Amino acid sequence: MSEEKNEPLDFIRTIVSNDVANGCKVVTRFPPEPNGYLHIGHAKAICIDFGVAREFGGVCHLRMDDTNPTKEDVEYVDSIQDDVRWLGFDWEDKFFYASDYYEKLYEFAMEIIRRGKAFVCDLSADEVKEYRGNLTEPGKESPFRNRSIEENLDLFERMRKGEFPDGSRTLRAKIDMAHPNVHMRDPAIYRIRHAHHHRTGDSWCIYPMYDFAHCLSDSIEGITHSLCTLEFEIHRPLYDWFIEAAGATPHPRQIEFSRLNLTYTVMSKRRLLELVQGKHVNGWDDPRMPTICGLRRRGYTPEAIRKFCEILGITKTNSLSDIALLEHCLREDLNKRAPRVMAVMDPLKVVIENYPEGQCEELEATNNPEDPTQGERLVPFSRNIYIDRNDFMEEPPKKFFRLAPGAEVRLRYGYFIRCTEVIKDAAGNITELRCTYDPETRGGSAPDGRKVKGTIHWVSADHAVEAEVRQYDRLFSVENPGAEDNWLDCLNQDSLEIKKAYLEPELTKAVPGFICQFERQGYFCADKDSTPEKLIFNRTVALRDSWAKTQNKN
RNA sequence: AACCCCGUGGUGUAAUGGUAGCACAAGUGGUUUUGGUCCACUUAGUCUAGGUUCGAGCCCUGGCGGGGUUGCCA
């Protein structure tokens with residue numbers, strides 16, 4: 001039952017809700033073809049398929065739509081299950097393959113032939129294409145269209161036995177060669193493929209087409225609502241035709257919604273594959289990829305992705321969603337849960353001249369100001385520290401609240417320091433800062449009540465651990481690369497910047513997948529290849545930066 | 001070109017014949033030991049022309065615009 005009474009329902013939930021009110025028990029399904037990795041567009045579909053089922057007290061099946069042995073592979077079957085599970089959904093024992101139904105589908109085909117609604121056609125693929133006509137002109141009927149039922153039955157059985165070579169014959173539906181919907185012009189039901197199937201091996205040499213196998217698989221599983229994306233809308237009349245022609249029950253209802261498109265990325269399997277094969281990214285789980293495994297490696301959480309899909313809503317409108325919304329959902333989630341630590345990416349050495357040489361103290365730092373239950377930790381402080389280079393300006397503009405000659409700032413959870421001297425090399429580059437600290441300001445507040453406007457992060461140079469940090473930016477430099485002819489030319493050449501960083505020693509303990517906030521910078525996730533000896537962090541998403549914004553305006 | 005689908009602020013959506021609302025983005029201010037978070041405020045919308053109606057974003061007709069479809073892929 002839909003729990004939020006006053007929340008408006010999307011059009012699909014409205015339909016399902018009415019059906020439930022009429023006594024319908026909801027069964028949906030997520031039916032990927034195991035020929036590639038899932039991406040965030042699939043996540044939307046998964047959230048809809050599993051979400052609708054759960055909300056209305058039903059179940060959602062996970063079914064591998066494996067009807068084309070030449071394109072599919074077990075490699076993908078596992079990754080698909082991992083990704084759906086990681087997203088937080090459970091199919092219980094309802095895990096199926098379309099190939100489970102090959103025998104039943106064959107029987108359905110025989111039934112359609114017996115009803116005189118299908119025939120074996122000897123036309124070649126090219127001939128079929130010629131006979132089909134085009135969008136404005138009707139097609140013409142195959143010369144084999146009027147074979148007797150007996151002959152069709154015989155031929156189809158012999159197709160199954162392997163008596164004919166690939167492509168020599170097909171089983172076709174007998175519908176209407178003049179139909180304005182070209183999918184209704186006697187579409188193929190079975191084709192001959194002497195190919196090894198990843199599950200059925202060599203037991204079949206004929207394989208059912210999607211339109212036929214999909215609707216009947218839905219019926220076999222008792223699917224009530226077959227939810228899919230808009231490009232299948234025009235297939236629906238054929239979907240309904242097959243169910244009727246085969247005499248299959250129940251008759252699932254197909255409802256279509258628009259796919260997810262995201263700014264600054266591409267979503268089609270073909271393009272994603274091209275990015276991987278062309279080495280424009282480092283594999284399917286490259287953190288810049290919109291694949292589920294890529295997002296996971298980057299540090300995205302299932303909660304953030306689900307929230308995003310929820311906010312998106314469901315419509316039939318073609319749309320291009322702003323990736324900023326996804327990032328908003330991510331930050332909102334991570335802000336609540338990610339512990340804070342300090343890390344310096346572009347180090348500038350600071351020597352605190354009045355701090356005793358060799359002394360070290362442990363300063364108490366809050367792990368997450370948004371969540372007191374995360375407690376505190378101790379951060380070592382010493383005479384030599386690193387700060388971020390862009391937290392210092394020799395000639396600061398107005399409203400620059402960070403460190404500058406003569407200026408005072410607070411070191412986060414540390415002391416107030418004041419810059420007394422700027423040291424440069426022969427080329428004029430700043431190599432080091434000399435500062436003094438106020439011993440009275442330990443922890444970050446002054447007993448005399450004086451305020452500082454700026455607080456900057458730091459690490460003790462004597463205690464810091466090194467790490468490789470991979471800073472990711474959007475993969476493409478244009479909003480809708482998929483719309484460009486030369487979409488690969490739109491790749492953002494600076495989508496990955498690798499840096500050496502200095503971190504609090506605490507981070508040595510970070511295990512792969514650990515997500516934290518580097519204060520004032522962003523959320524970072526320990527990469528799967530990270531080890532205590534060689535720490536690697538991926539930048540999941542940067543913090544919002546209103547200072548950068550005001551600067552860009554000038 | 002034929003058929004099908006879709007047009008609401010910049011973006012994603014709500015309003016199911018009765019006050020066009022929400023979120024993101026953008027902007028302004030406040031709070032702040034993260035220039036983060038949080039809070040307040042501002043900007044900005046029904047593709048178009050008719051029709052039905054007391055009343056139309058919603059219903060009808062035409063136009064315009066966008067998408068999908070012409071695999072023995074899914």
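Proteins get letters first, then strands, A, B, ... in listed order; numbering begins at 1 in each. Since we're looking at a predicted model, the values are computed, not measured.
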Sugar-phosphate, base or nothing in reach of Glu233(A), heavy atoms under 4.0 Å: sugar-phosphate

Sugar-phosphate only, base, or nothing, as touched by Phe232(A) at under 4.0 Å among non-hydrogen atoms: base

Side chain of Lys71(A) - closest among G66(B), G35(B), C73(B): C73(B)

Any Arg410(A) side-chain N or O less than 4.0 Å from OP1/OP2 of U32(B): no

Presence of Arg259(A) side-chain N/O under 4.0 Å of G68(B) phosphate oxygens OP1/OP2: no

4.5 Å side-chain heavy-atom contact, Glu233(A) and Gln254(A): no

Touch class at under 4.0 angstrom, heavy-atom based, for Leu135(A) against every strand present: base

Sugar-phosphate only, base, or nothing, as touched by Leu123(A) at under 4.0 Å among non-hydrogen atoms: base

Residue pair Asp333(A), Arg337(A): steps toward the salt bridge (Lys or Arg N to Asp or Glu O under 4.0 Å) verdict: CA-CA 7 Å; Asp333(A) 186 40; Arg337(A) 18 201 314 201; 3.0 Å; yes

Charged tip of Arg412(A) within 45° of Trp458(A) ring normal and under 6.0 Å: no

Out of U69(B), U34(B), C72(B), whichever nucleotide has its closest atom nearest the side chain of Thr170(A): C72(B)

Step-by-step salt bridge (Lys or Arg N to Asp or Glu O under 4.0 Å) determination, Glu33(A) to Lys71(A): CA-CA 9 Å; Glu33(A) 182 188 17; Lys71(A) 292 194 174 174; over 6 Å; no

Stacked pair Trp547(A)-G35(B), distance under 5.5 Å, angle under 30°: yes

Options C5(B), A25(B), C73(B), nucleotide nearest the side-chain atoms of Arg544(A): A25(B)

Touch class at under 4.0 angstrom, heavy-atom based, for Leu325(A) against every strand present: sugar-phosphate

Minimum-distance nucleotide (side-chain atoms of Pro180(A) versus C73(B), C3(B), U34(B)): C3(B)

Aromatic contact, Phe108(A) with Phe212(A) (centres under 6.0 Å): no

Touch class at under 4.0 angstrom, heavy-atom based, for Thr315(A) against every strand present: sugar-phosphate

Atom-pair distance (NE2 on His183(A); C1' on G71(B)), nearest Å: 10 Å

Sugar-phosphate, base or nothing in reach of Thr67(A), heavy atoms under 4.0 Å: sugar-phosphate

Sugar-phosphate only, base, or nothing, as touched by Pro369(A) at under 4.0 Å among non-hydrogen atoms: base

Aromatic ring proximity, centroids under 6.0 angstrom, His235(A) and Tyr239(A): no

Atom C1', compared across G65(B) and U48(B): separation rounded to whole Å: 10 Å

Residue-phosphate contact under 4.0 Å: Arg191(A) side-chain N/O, A74(B) OP1/OP2: yes

Sugar-phosphate, base or nothing in reach of Gln517(A), heavy atoms under 4.0 Å: base

Under-4.0 Å side-chain N/O to phosphate OP1/OP2 contact, Thr317(A) with C5(B): no

Any Lys129(A) side-chain nitrogen or oxygen under 4.0 Å from OP1 or OP2 of U70(B): no

Phosphate OP1/OP2 of C72(B): any Arg193(A) side-chain N/O under 4.0 Å: no

Whole-Å C1' distance, C47(B) and A56(B): 16 Å

Side-chain donor or acceptor of Asp66(A) paired with backbone N/O of Ala98(A) under 3.5 Å: yes

Pairwise C1' distance, G17(B) and U53(B) [rounded to whole Å]: 9 Å

Range-with-range stems of RNA chain B (Watson-Crick or G-U pairs under 3.5 Å, three or more in a row): B:2-7 with B:64-69, B:10-13 with B:21-24, B:26-30 with B:38-42, B:47-51 with B:59-63

Arg169(A) side-chain N/O to Phe164(A) backbone N/O, donor-acceptor pair under 3.5 Å: no

Sugar-phosphate, base or nothing in reach of Glu33(A), heavy atoms under 4.0 Å: sugar-phosphate

Pairwise 5' ranking along RNA chain B for Arg402(A) and Cys121(A), keeping only the more 5' one: Arg402(A)

Phosphate OP1/OP2 of C6(B) contacted by Ser258(A) side-chain N/O (<4.0 Å): no

Any donor-acceptor N/O pair under 3.5 Å between U37(B) base and Glu332(A) side chain: no

Qualifying residue for side chain to side chain contact (heavy atoms under 4.5 Å, CB included) with Thr263(A), from Leu325(A), Val478(A), Ile323(A): Ile323(A)

Arg132(A) side-chain N/O to C72(B) phosphate OP1/OP2 under 4.0 Å: yes

Atom pair distance, as rounded to whole Å: CE in Met209(A) and C1' in C73(B): 7 Å

